[in-house]
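Below, each value reflects all heavy atoms present in this structure, side chains not excepted, and no hydrogens, waters or symmetry copies. If you read the sequence from its start, that first residue is 1, and numbering goes on from there.
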Amino acid sequence: MATKQPPPLMKKHSQTDLVSRLKTRKILGVGGEDDDGEVHRSKISQVLGNEIKFAMREPLGLRVWQFVSAIIFSGVAIMALTFPERLYDAVFEEESVNSKTPVRLYGGALLSISLIMWNALYTAEKVIIRWTLLTEACYFGVQFLVTAITLVEAGQVSMGATLLLTSRVLFVLISVYYYYQVGRRPKKV
């Protein structure tokens, strides 16, 4: 009794036919450009999105700025928590603080923001990076306004306060610059 051998597996003609493959890709909706001008190679990348393109087109110096701001936020937070009198004296050049609690609460808030900054350093998502840059710009802007109003009310301007105000304006400009650069659409080639 001879057993019957199954016929050899043969490729379907439609797999090798280029026109059939193109028709199949068109039906699936892959291979062509979408509304954003992206060309998806598979249905999975089309559904999940493609952030690889952004990772290659980060603005120059963005990660350095994120690192520097995380260090600044962490350093000032630790200083406010551990040495509140020195931080207050560095800005306003007054002998003592009536209460250390507000300066320490400020340090706690800064420490919370610094944790967000450290986590944003390791992400590649545009939305998270933009929100942290906007948070920085708002914080530095509010700090500039509050410090300037306090100095005008007190009628005294110290070297530390002038340096702080100048640095805050610079930091706002840098954060806003990167905020708009990250949000820009890439140029089409």
Side-chain angles (χ1 to χ4, degrees), residues 25 28-81 87 90-91 103 105-152 157-189:
R25 292 178 68 75
L28 288 173
V30 291
E33 284 190 10
D34 63 2
D35 296 338
D36 295 331
E38 291 186 21
V39 178
H40 297 281
R41 298 188 61 137
S42 70
K43 199 66 177 172
I44 293 172
S45 71
Q46 186 177 9
V47 171
L48 296 179
N50 189 3
E51 287 295 324
I52 295 170
K53 179 176 70 173
F54 170 70
M56 291 183 229
R57 298 195 185 249
E58 284 181 357
L60 188 63
L62 173 67
R63 296 300 179 174
V64 173
W65 173 245
Q66 285 181 306
F67 180 72
V68 167
S69 24
I71 296 245
I72 290 171
F73 275 85
S74 300
V76 174
I78 290 169
M79 188 173 176
L81 288 170
L87 183 65
V91 177
V103 179
L105 286 172
Y106 167 72
L110 275 186
L111 191 61
S112 301
I113 294 174
S114 76
L115 292 174
I116 294 169
M117 300 298 162
W118 283 111
N119 284 325
L121 185 61
Y122 299 107
T123 188
E125 292 185 38
K126 281 179 158 182
V127 175
I128 293 173
I129 293 172
R130 290 192 81 203
W131 271 107
T132 56
L133 290 168
L134 186 62
T135 301
E136 286 178 51
C138 290
Y139 166 77
F140 290 134
V142 168
Q143 188 180 28
F144 172 82
L145 290 174
V146 168
T147 306
I149 290 170
T150 304
L151 291 172
V152 168
V157 177
S158 65
M159 185 62 177
T162 307
L163 181 64
L164 179 74
L165 292 175
T166 306
S167 67
R168 293 317 175 225
V169 169
L170 179 67
F171 293 164
V172 165
L173 292 174
I174 292 171
S175 295
V176 167
Y177 168 77
Y178 282 122
Y179 176 79
Y180 283 113
Q181 289 298 315
V182 170
R184 254 183 9 170
R185 289 192 179 266
K187 294 179 184 176
K188 294 191 179 185
V189 181

So do the side chains of Arg184 and Tyr180 get within less than 4.5 Å of each other, counting heavy atoms only?
no
Could you tell me whether the side chain of Ser175 reaches within less than 4.5 Å of the side chain of Trp65, counting heavy atoms only?
yes
Give every residue pair that meets the ring pair (Phe, Tyr, Trp, His ring centres under 6.0 Å) criterion with at least one member in residues 119-146, sequence neighbours excluded.
Phe73-Tyr139, Phe73-Phe140, Phe140-Phe171
Val169 vs Leu165 side-chain heavy atoms within contact, under 4.5 Å
no
Closest heavy-atom contact between Ala120 and Ile128?
CB-CG2, 4.4 Å
Sorted by chain and residue number, the side-chain hydrogen bond (donor to acceptor under 3.5 Å, both in side chains) partners of Thr132 (sequence neighbours excluded) come out as none
Under 3.5 Å donor-acceptor pairs involving side-chain atoms of residues 108-118, not counting sequence neighbours:
from: Ser112; atom 1: OG; to: Gly108; atom 2: O; distance (Å): 3.1
from: Ser114; atom 1: OG; to: Leu111; atom 2: O; distance (Å): 2.7
from: Trp118; atom 1: NE1; to: Ser74; atom 2: OG; distance (Å): 2.8

I need the minimum non-hydrogen distance between Val172 and Gly141, along with the two atoms involved.
CG2-N, 3.5 Å
Determine whether a donor-acceptor pair (N or O, by modelled atom type, separation under 3.5 Å) exists between the side chain of Arg63 and the backbone of Leu121.
yes
dist Leu62:CG -> Tyr178:OH (nearest 0.5 Å) comes out at 6.5 Å
Could you report the tightest heavy-atom contact between Val182 and Lys126, atom names first, then the distance?
O-CE, 3.6 Å
Working note: Ile129 + Gln66, criterion side-chain contact (heavy atoms from CB on, under 4.5 Å); need CA distance, chi angles, decisive distance, verdict.
CA-CA 9 Å; Ile129 293 172; Gln66 285 181 306; 3.8 Å; yes
Find out whether Leu60 and Gln181 are in side-chain contact, i.e. whether some heavy atom of one side chain is under 4.5 Å from a heavy atom of the other.
no
